[in-house]
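Since the structure comes first, as structure tokens, the remarks are kept for the end.
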Amino acid sequence: MTDLYAVMGNPIGHSKSPQIHTAFAKITDQDLLYSAILVPLDGFDAAVDDFFRRGGKGLNITVPFKENAWRYADAFSARAKRAQAVNTLIQQDDGTVLADNTDGVGMVRDITVNQNVAIESKRVLILGAGGAVRGVLQPVLEQSPAEVVIANRTVSKAEALAADFTDLGCVSGCGFADVKGEFDLIINGTSASLAGELPPIPAACMTDKTVSYDMMYGAETTVFNQWALDNGAAKAIDGLGMLVEQAAEAFRLWRDVLPQTQAVMNALREDRRA
Ligand code: ATR
């Protein structure tokens, strides 16, 4: 029987997940059907109940239901607990639902494997202290960077977020103007790019070896990546690879096989150019 998977959100029309997972299924020769489900704002639990009752095996969860998914799940992976957010639900054999967060592992795999950029022993600056940044901190710290500095517009949020992760490595929080020294990797996890805005960090934190990574992506180079390139960055990477890799990790959790991602990434980049 064909196994069912889906992404739930509202809106959902823009989601690339059906295209990505359908391609993964083809690449790995798995018999599954992946659809996008538009869920009414007050209907999350009922929609998930209905999906699993129909034999659904797993779900991706997107805006605005990540909190609802958190409340719905019966059990959590360690990284989902740290992230306090969930993007993947897995129906287990005993009928309970396990929640995971694959964003951080996806981003780290994109940086270290696809882009061949090391995090180990490097100085890493992360901009932003919201849900997107919390979601990636554990996998970043597991790479053993020399130091992670979290800089945010609201300084207290950066400090509080850093304090939640100090047991995992050398991590501190500050304001944008307080960023000191040079960094090997600068990750933009603010939503400023959505408004075409730029977090005001000192250009002195960039060298010609610095790599910039924007968790966002779009048809054009993001404002942040353009700023990094204008200030001499060695390389600027956008979040398309993170999108594909977080999906690959969800696919692995569901199907126990990690799909090759390069062809899917190429196809998405082609679509974006078209
Ligand atoms: P997400 O889930 O995308 O992380 P969020 O939790 O609302 O969304 O967090 C958004 C992040 O982007 C925050 O770090 C926010 O800074 P504040 O904590 O000071 O609000 C940051 N952000 C949003 N717009 C920004 C801007 N124009 N300049 C700098 N930072 C911005």
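Quick caveat: nothing in here was measured; it's all calculated off a predicted structure. Counting convention: from 1, in listed order, for ligands and their atoms alike.
Within the 4.0 Å heavy-atom criterion, the part of N152 lying near ligand 1 is the side chain and not the backbone.
Counted by atom type alone, T102 and N87 present one or more donor-acceptor pairs between their side chains at under 3.5 Å. Of the N and O atoms on the side chains of D214 and T222, at least one donor lies less than 3.5 Å from an acceptor on the other residue. Defined by atom type and a distance below 3.5 Å, a donor-acceptor pair is present between the side-chain atoms of S212 and N225. In the model, D49 has a side-chain atom that pairs as donor or acceptor with a side-chain atom of Y72 under 3.5 Å. Side-chain contact check for N266 and E270: no donor-acceptor pair (N or O, by modelled atom type) lies under 3.5 Å.
The single protein non-hydrogen atom nearest to atom 29 (C) of ligand 1 is F176 CE1, 3.9 Å, given as residue, atom name and distance. In terms of protein heavy atoms, atom 9 (O) of ligand 1 is closest to G130 CA, 3.5 Å. What sits closest to atom 19 (O) of ligand 1 on the protein, heavy atoms only, is T154 OG1, 2.5 Å. Closest to atom 20 (O) of ligand 1 among all protein heavy atoms lies R153 NH2, 2.9 Å. Closest to atom 28 (N) of ligand 1, if we only count protein heavy atoms, is A192 CB, 3.7 Å. Closest to atom 23 (C) of ligand 1, if we only count protein heavy atoms, is S191 OG, 3.3 Å.
Taking 4.0 Å as the cut-off between side-chain N and carboxylate O, E249 and R79 count as a salt-bridged pair. Using a 4.0 Å cut-off between charged side-chain N and carboxylate O, K66 and D103 make a salt bridge. Comment: K16 does not engage D271 in a salt bridge, judged by the lack of any side-chain N to carboxylate O separation of less than 4.0 angstrom.
Ligand 1 lies within reach of A129, whose nearest heavy atom is under 4.0 Å from it.
Nearest residue to atom 1 (P) of ligand 1 from A132, P200, G135 is A132 (criterion: closest heavy atom). Closest heavy-atom approach to atom 27 (N) of ligand 1 within the set R134, E197, K66: this belongs to E197. For atom 30 (N) of ligand 1, the candidate residues are L161, V155, T190; the nearest heavy-atom contact is made by T190.
Within ligand 1, counting atoms from 1 as listed, the ones closer than 4.0 Å to a heavy atom of G128 are 14 (O).
Taking only nitrogen or oxygen atoms, main chain and side chain alike, K157 reaches within less than 3.5 Å of ligand 1. Residue-to-ligand polar distances place G131 within reach of ligand 1: an N/O pair is separated by less than 3.5 Å.
Considering every non-hydrogen atom in both F24 and V244, the closest pair reads CZ-O, 3.7 Å.
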